[in-house]
Amino acid sequence: MTSHDVRDMLDLPQEGAPRPAKKQKLAGPRPVLKGLAREVQNLGGDNPIAIVPEVSVFKKRRFMSRKPASKWELVPFKNTARSDQTLILRHWRRKEASPPPTVIDENEGESSEAAEKPTPVMDDSTFAKFNVQINIPDYTDDEYNSRLASPGWSRDETDYLMKVISDFDVRWPLIWDRYEYEPPQPRPVEGDAAVNTGAIIVPPKARTMEDLKLRYYSIAATIMALRKPPIKMNSAEFNLHEVMQNFDAKQEHDRKKFAEAAFKRTREEAREEESLLLELKRILARSDKLNEDRRELYARLEAPPSTGNIGIFSTSGGLQQLLQQLMTADKSKKQRKLTLGGETMSPAVGASGQTQQNFDRRESSVRESISGPSGGNNKKGNTQNAADRRQLTEEEERIYGVSRHERLGTSGPTFRHDKITKPLVSKSAVQQAKIGNILGELEIAGRLIMPTAEVGEAYEGLLQSINVLLDARKVADKLAGEIATAKAHRAEKKRLARAESTNPTANGDGEIKREGSAVASVRAGSVQRKRSASVMSAISDKSTKRQKK
Amino acid sequence: MASQPMTSSIQPTDVYGGDEVSAIILDPGYSSVRAGFAGEDTPKSFYTSCYGVSGDRTIFSDEDVHNPLVPDMEIRNPMSKDGVVEDWDAATQLFEYAITSRLTKFKQSDPMTNGVNDTKDMDVDIEAADEEEKPLEEHPLLMTETAWNSSKNRERAIEIAMENWGCPAFWLARNSVMAAFAAGRATALVIDVGASTTSTMCIHDGLILKKSIQKSPVAGNWVSSQVRSLFSTQDPKIDIVPHYMISSKTPVDAGAPAQATFQNFKHNITDSFRALEEERVLSEFKESVVQVYQGPGRLNSTHPSGVPNIENVRAMPGRVFEFPDGLNQMWGADRMTVVEGMWDERAALPIPSEPALTKAQTIPEMIRASVQGVDMDLRAALLQNIVVTGGTTLLQGFTDRLYNEMQAMWPGARIKIQAAGLTTERRFGSWVGGSILGSLGTFHQMWISKKEYEEFGVSVVDKRCK
C-alpha cells in the first residue's frame with residue numbers, strides 16, 4: 001500500500017505537505033562512504049538502503065574503582081552451641097581493618113594486619129544463639145516413689161520414656177516411632193534368684209502415643225505443681241498445668257479413630273460430604289437473610305404511627321386531591337430543574353419559553369396517561385387480573401372479610417381500617433379520652449392487635465355501644481344534677497315554711513329577703529333570656545346611630 | 001561502590017542462614033557416587049559406582065571403567081543391591097578417588113605459596129608434603145546413607161572418615177531426609193526410586209519415622225531386566241550389542257536384521273564388562289522410549305468408556321529406537337508394559353532367576369504401608385508434601401501416574417507432589433539436600449568433631465546421627 005492509498009482513505013489532499021520528515025532524513029548527515037560501500041549505497045537511488053555500518057568499537061569498559069580489590073581471609077571461628085568446643089571451623093570473612101585505599105600505603109596496611117593477627121579473639125558463630133534447649137522435667141527417687149509411681153509403668157521404663165522425649169525434643173510422632181523399650185534383664189536383687197526368671201519377663205507392651213502422652217503429661221504436671229504450687233503460678237504456667245493435667249487419652253484416641261475414618265473415605269463419600277457441607281452453608285446463608293428480613297419487618301411494625309391526619313385522604317376525592325398535590329410538587333421540581341438547565345444551555349429568553357412549552361406538552365400527555373386512559377387501563381387490568389387471580393372460596397372470603405356491593409356508597413371506597421380510627425378521630429379530645437378510659441376498663445387495647453373483618457365489626461359495635469353508654473351516662477348525669485337541684489330547692493322551701501310557722505317576728509325581714517331573691521332570680525332569668533335581644537338592640541342602636549350621622 | 005546493589009561487606013548470613021566452611025558432601029549410591037562442596041548446586045564430582053579390576057590394578061573413573069581396551073577387566077560394585085556399602089576397602093578407594101580427583105587435589109593454602117604461581121624448584125617440597133597429608137584434613141565431611149544402613153556400617157564410615165581421611169568433623173545423614181531438604185521440606189513423604197532400590201518413607205521434622213520405611217527392588221535395574229525380558233520375547237529375539245563391539249554399521253529398515261561389523265579384541269572381555277555396557281544401552285532405551293502409563297486406572301484395567309486402556313495406548317504413536325548395531329524398531333504399547341509392574345504386580349513381565357513380584361513391592365502399596373505406619377495426625381501433612389527423587393522417577397509420565405494412583409488411594413485427601421523440574425535436581429536430590437544442610441550456619445553445632453570421636457569412639461555416630 002502506498003502513501004497515495006492511505007491519503008485516499010483518510011480523505012487527505014493528494015498533494016499535501018511535501019513530506020517534511022523524509023526530506024529531513026535525506027538532508028541529515030549522510031555517512032560519507034567510500035569505494036564499494038558508496039556504490040552499494042547508490043544502488044538504492046533516492047531511497048537509501050538501510051545498511052547499518054559496522055562499528056568496530058568494543059563495549060565500554062566497566063567503570064571500576066581505583067581501589068585495590070577487597071581482601072578476604074579464612075577466619076577460624078568456634079560455636080558455643082556445641083557441647084564440644086574443640087571443633088574450629090573456618091570460613092571466609094572480609095578483612096575487618098581495610099588498609100587505606102592508596103597504593104603507596106599498602107606496605108603500611110600489611111604491617112598493620114600483621115599487628116592485628118597476634119590477637120586471636122575467636123569469633124563465635126552467629127548461629128550459636130539459635131540453639132534452644134527445651135526443659136524436660138526431672139525427678140528424684142523420693143519424688144518418683146511418692147508421687148509419680150503408676151501401675152503399668154516401671155521406673156525403668158519411665159526413665160527411658162523421659163530420655164526418648166528429651167532426645168526428640170517432645171516431638172510426639174518421632175517419640176512414638178522410635179519408642180523401643182526393652183525391659184532390663186531381671187537381676188537377682190531380691191535374693192530369690194532361684195525363681196525361674198523366664199516367667200517374669202513380660203513382652204514389651206506396644207505403647208500407643210496416647211499412653212506415652214498421658215504418662216508424660218501427668219509426670220510433667222505433677223512435677224510442675226511440686227516445684228511451684230498452682231496458686232503461685234502465673235496464668236501461662238497455670239494454663240499449661242491445666243492442659244497437661246486434663247489430658248484425656250481416651251478422647252484423643254477416639255478423635256484419631258474418627259480422623260482415620262474420615263481419611264479413608266471413598267470418593268463418593270467425600271463428594272457427598274462436600275455437597276452436604278455446601279448445602280449446609282447455603283442453608284445458613286439463607287437463614288441469615290431470613291433473620292435479617294424478619295428483623296426489618298419487626299422494625300417496621302414497631303415504627304410509631306404517622307401523626308398527620310390522613311382522614312382527608314381516605315375518600316376517593318381526597319386521594320384525587322393528594323395526587324394533584326403530588327403532581328404539582330413534582331411539576332414545580334421538574335420545572336425548576338428544566339429552567340435551570342435551559343439557562344445554562346442557552347441564556348436566550350425564547351429558548352426558555354420553548355422549553356416551557358415543550359414541558360407543558362409533555363406534562364399534559366403525562367396527565368392524560370395518568371388520568372384519561374386510566375379507566376381503560378383499569379378495565380383491561382381487571383379482566384386480565386380476574387383470569388390471573390385466584391378465586392377465593394367462601395371460607396376464605398369470610399376470613400378476609402370480602403364483601404361485594406352493587407354500587408359504591410356515597411363516600412366512595414374507603415379503607416377498612418378507617419372504620420377503626422374514624423370513630424375515634426372524629427370525636428373531641430375529651431371524648432376520646434373518655435372512650436380510652438372505658439376501653440382501658442374493659443382491658444382492650446386502643447389499637448387492635450389482629451384487625452380481621454369480624455374483629456373490626458365487633459370493635460365497631462363496641463365503640464358504638466360505648467358511645468351509647470357515654471350518651472346515656474351524660475343524660476343520667478344531667479338528670480341526676482337536676483334532681484339534686486330540685487331536691488335542694490324543695491329542702492329550702494320546706495325549711496322556709498318551717499321557719500315561717502315557728503318564727504313570725506322575722507317574717508317581714510324574711511319576706512323582704514325572699515322577695516328580693518325572687519326578684520333577683522327573675523331578673524337574672526329575664527336577662528339570660530333576653531340577652532340576645534339586647535345584643536340585637538344594641539347593634540341596631542349602633543346602626544341607627546351611624547345612619548343618623 | 002554505592003551503585004552496587006549489595007556490597008560484599010554485608011554478610012548474607014542474615015538472609016540465607018548460610019555459613020560456608022568448605023564442607024564436602026559425599027553421596028554414594030548403587031549406580032553412582034556424587035561428591036562436591038557444600039553450598040554448590042550440583043556435585044562437582046560424579047562417578048559411576050562401578051570400578052574395574054584388571055590384574056592387580058584397580059580402575060576408577062568413567063573414562064577408564066568403560067574402556068574396552070583394558071585387558072581382562074572385571075567390573076565390580078562396592079555397593080550392595082540395597083544401596084549400602086558392602087566392600088569397604090574398595091569403597092574407601094572409590095570415595096577417595098571421587099573426592100580427590102576433582103575437589104581436594106591441591107592443598108588449600110595461600111595462593112602466593114601454593115605452588116601454582118611458583119617456579120619449578122618449589123614443586124618437589126609441596127608434593128612431598130601432599131603425600132603425607134590426608135585428603136580431607138581441612139574439610140568437614142557430610143556423608144549420606146540409606147535409612148536401613150546397619151549400625152556396623154555407620155561405625156565403619158566414621159572410622160574411615162576420621163582415621164583414613166583425617167576429617168576434622170563428620171556427619172552421617174539419611175539420603176531420604178536430604179532429598180526432602182532439597183525440596184525444601186522438613187516433613188515429607190519421600191519416594192526415592194533409584195537404580196537398585198525403591199524406598200518410600202515418612203520424614204517428620206528432619207528425622208525418619210522408622211515404622212514407615214518401605215523398600216523394594218522395583219527400581220531402575222529392575223526396569224532394565226524388564227526391558228531385557230521384553231527383548232527376549234520379541235520375534236525375532238533382540239540381542240543387545242553394546243557400542244564397544246561395533247566397528248561399523250549400515251543403516252537398515254525398521255525391523256530388518258542388523259548389518260554391522262564387529263570389533264575384534266585380542267584380549268578377553270569379561271562378562272561383567274559386557275553387562276555394564278549393555279546396561280548403558282538399556283539406560284538409553286529407558287530414557288528415550290520407556291514411558292509410564294499415566295492413567296486413569298491401570299494399563300490392564302478398562303477405561304470408563306468401555307475400551308481397555310491398553311487399546312487406547314496401542315492407538316498412540318510409537319517410538320523408534322535404534323540399537324548400536326543399527327537394528328531399529330517401533331515400540332508401541334510395549335514401552336509402557338515394561339514399567340507397569342512398578343504399579344501393578346500382575347502386569348510385571350516374568351524375569352528368569354528372580355522371584356515374581358509381590359503386591360507389597362509395588363510403589364502404591366509401599367506408599368500405603370508407609371502412610372499407614374505413621375500417626376494419624378501427620379498423614380494429611382505428608383500427603384501434601386510428597387517428594388519424588390531418584391533418577392528412575394525421570395521416566396516419562398511417572399509423576400502423573402503417581403498422582404493418579406494416590407488420588408485413587410485417598411480420594412478425600414489433598415495430594416501434592418513435589419518433583420524437581422530439573423533433571424539434575426531429581427538425580428542428585430540427596431546430594432543437593434546435603435549441600436544445603438552442610439552450608440547452613442546452624443548445622444555447625446551438629447558436626448561430630450574429631451575430639452568427640454576420639455572421646456566416645458565409633459559408637460558416637462549412632463548416638464548423634466539419629
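So you know, we letter chains A, B, ... as the sequences are listed, proteins then strands, and number each from 1.
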Answer whether the closest heavy-atom distance between the side chains of B:Pro411 and A:Arg271 falls below 4.5 Å.
no

Strictly distance-based, threshold 3.5 Å: is any side-chain N or O of A:Lys256 a donor or acceptor partner for the main-chain N or O of B:Asp375?
no

What distance separates B:Tyr453 OH from A:Asp84 CG, expressed to the nearest 0.5 Å?
15.0 Å

Interface residue of largest heavy-atom contact number with chain B, from A:Phe168, A:Trp176, A:Trp172, under 4.5 Å
A:Trp176

Reported NE2-to-CZ distance for the pair B:His444 and A:Phe77, which is rounded to 0.5 angstrom
4.5 Å

Quick one: of A:Met209, A:Lys264, A:Arg178, who has the most non-hydrogen atom pairs under 4.5 Å with chain B?
A:Arg178

Proximity breakdown for B:Met409 and chain A, heavy-atom pairs closer than 4.5 Å:
neither

Does this structure show an ion pair linking B:Lys463 with A:Asp167, if we count only N-O contacts that are shorter than 4.0 Å?
no

Can you tell me if CZ on A:Phe130 sees more than 12 non-hydrogen neighbours from other groups inside 6.0 Å?
yes

Is the backbone of B:Asp205 close enough, under 3.5 Å, to the side chain of A:Arg171 for a donor and an acceptor to pair up by distance?
yes

Please look at B:Gln407 and chain A and tell me whether the side chain, the backbone, both or neither of the residue comes under 4.5 angstrom of a heavy atom of that chain.
both

Measuring from atom NE2 of A:His253 to atom CE of B:Met376, what distance do you get when rounded to the nearest 0.5 angstrom?
12.5 Å

Pick one of side chain, backbone, both or neither for B:Ile208, based on which atoms fall under 4.5 Å of a heavy atom in chain A.
both

Rounded to the nearest 0.5 Å, how far does OG of A:Ser125 lie from CD of B:Gln445?
8.5 Å

What part of B:Lys466 gets within 4.5 angstrom of chain A, counting heavy atoms only: side chain, backbone, both, or neither?
both

Part of B:Leu378 within contact of chain A (heavy atom distance under 4.5 Å)
side chain

Calculate, to the nearest 0.5 Å, the distance between atoms CG and CD belonging to A:Leu89 and B:Glu20 respectively.
12.0 Å

Residue among A:Lys257, A:Arg255, A:Glu260 with most heavy-atom pairs under 4.5 Å to chain B
A:Glu260

Find the one option among A:Ile88, A:Leu74, A:Asn131 whose heavy-atom pairs under 4.5 Å with chain B are most numerous.
A:Asn131

Below 4.5 Å from any heavy atom of chain B, which atoms of A:Phe263 appear? Answer side chain, backbone, both or neither.
both

Shortest non-hydrogen pair, B:Leu209 vs A:Pro173, comes out as CD2-O, 3.6 Å

Option in B:Ile448, B:Val374, B:Asp377 with maximal non-hydrogen atom pairs under 4.5 Å from chain A:
B:Asp377

Rounded to the nearest 0.5 Å, what separates atom OG1 in A:Thr86 from atom NZ in B:Lys450?
11.0 Å

Neighbour count >12 (heavy atoms, 6.0 Å) for atom CD, A:Glu274:
no

Mind listing the closest non-hydrogen atom pair of A:Leu87 and B:Ala169 along with its distance?
CD1-CB, 3.8 Å

